[in-house]
2 protein chains.
Amino acid sequence: MHIIDIQAETIFQALSDPIRLRIIRILSTTNEEACLCEFVDSLLEPQYKLSRHIKILKQTGLLSASKDGRWIYHRLVMSTDYLKHLYQTILMIPDPDGQYAQDLKRFQKRMLLRDSGRCRVGVQNKDFQTDSMPKSHKN
Amino acid sequence: MHIIDIQAETIFQALSDPIRLRIIRILSTTNEEACLCEFVDSLLEPQYKLSRHIKILKQTGLLSASKDGRWIYHRLVMSTDYLKHLYQTILMIPDPDGQYAQDLKRFQKRMLLRDSGRCRVGVQNKDFQTDSMPKSHKN
DNA sequence: TGCATAGTTGCATAATAGTGCATATAATAA
DNA sequence: TTATTATATGCACTATTATGCAACTATGCA
């Protein structure tokens with residue numbers, strides 16, 4: 001059970017981080033649901049980092065989740081008009097450095113690994129898995 | 001001259017503060033321009049505080065200003081579709097504790113003091129002026 | 001020229017938020 | 001039941017942000 005925070009500033013606070021915006025943008029463009037490992041392969045960011053950002057989005061009421069075995073699928077909460085309007089707004093904002101276009105491309109490629117619409121594999125790009133992350137990819 | 005930051009996260013960051021949202025909401029509801037003293041009397045927050053928040057909104061490209069004597073009028077930047085869409089979205093978000101309704105009421109009352117559409121008086125509620133702010137109103 | 005006033009800002013402080021690392025939890029499969 | 005793997009999190013650290021106070025600038029008017 002998650003609490004939907006209706007405070008406007010909390011919603012915008014949740015959207016004030018580039019990684020969280022990348023997550024929201026992928027989901028609102030594709031109208032998909034996705035699990036953590038799929039985000040890791042799409043955004044090329046470490047698992048623990050994305051896990052935390054997803055948690056914040058959930059706490060704010062922008063994401064909801066459903067568990068399926070080891071996989072947890074995250075999707076946008078569309079329960080109100082203002083949330084739908086908000087996602088549309090986000091998609092209208094330019095993507096000057098093409099970051100989002102790249103994310104989307106990787107996401108769609110990753111979706112090809114789905115089996116009957118379900119994710120059956122973990123993180124493919126091992127560089128961004130929790131274990132054995134090479135120094136060369138750290139910030 | 002102000003720089004318009006097109007980064008989505010910067011825009012949402014600017015909206016992640018309750019005071020800044022109250023400013024945006026007043027302006028987008030009334031389609032007005034207003035000066036600092038009018039915001040002080042509408043939001044009942046100290047002048048230096050509002051001055052700083054307005055500065056942030058300007059730096060983010062959400063507000064523009066024009067000077068008229070000692071008064072500086074601030075208005076929403078409406079130069080792009082996504083900004084217009086964004087302001088609409090903000091107005092759709094509920095106002096559960098009625099904070100915004102109260103702000104608006106005070107703002108409209110304050111507008112009655114305009115003379116030929118111009119602000120001719122400073123802060124009326126002296127409690128929230130920079131000087132002589134009583135201890136009882138501090139957080 | 002000097003005063004009142006609209007607005008700005010430097011500084012110190014407190015609170016919040018993001019990150020990396022390592023480790024923990026939970027569920028599946030062998 | 002043991003290993004594997006998808007996901008979560010405690011901790012330390014750093015960076016950013018908001019605030020109050022006081023002093024500042026800038027403009028208009030007497």
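Chain A is the first sequence line, chain B the second, and so forth, proteins listed ahead of strands; every chain is numbered from 1.
- If you check the side chains of A:S66 and A:R75, you find a donor sitting under 3.5 Å from an acceptor.
- In this entry the distance linking CG of B:N125 with C1' of C:dA6 reads 16 Å, nearest Å.
- Residue B:I56 is classed as a sugar-phosphate contact, given heavy-atom separations below 4.0 Å to backbone atoms only.
- Within the 4.0 angstrom heavy-atom criterion, only backbone atoms of the sugar-phosphate kind lie near A:Q13; the bases stay farther away.
- We find that B:E33 and B:R118 are joined by a salt bridge, their nearest charged nitrogen and carboxylate oxygen being less than 4.0 Å apart.
- The side chain of A:H53 lies closest to C:dT19, out of C:dT19, D:dT9, D:dA18.
- With respect to the salt-bridge test (charged N to carboxylate O, under 4.0 angstrom), the residues A:D103 and A:R25 do not qualify.
- In this structure, A:R20 reaches the sugar-phosphate backbone alone: every heavy-atom distance under 4.0 Å involves primed, P, OP1 or OP2 atoms, never a base.
- Of the candidate nucleotides C:dT19, C:dG10, D:dA8, C:dT19 has the atom nearest to the side chain of A:D17.
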Where along nucleotides 25-30 of chain D does protein come under 4.0 Å, by heavy atom, of base (B) or sugar-phosphate alone (S), with - for untouched nucleotides?
-SBS--
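- For the pair B:S51 and C:dT8, the criterion of a side-chain N or O lying under 4.0 Å from OP1 or OP2 is met.
- The phosphate of D:dT9 (OP1 or OP2) has no side-chain N or O of A:Y48 nearer than 4.0 angstrom.
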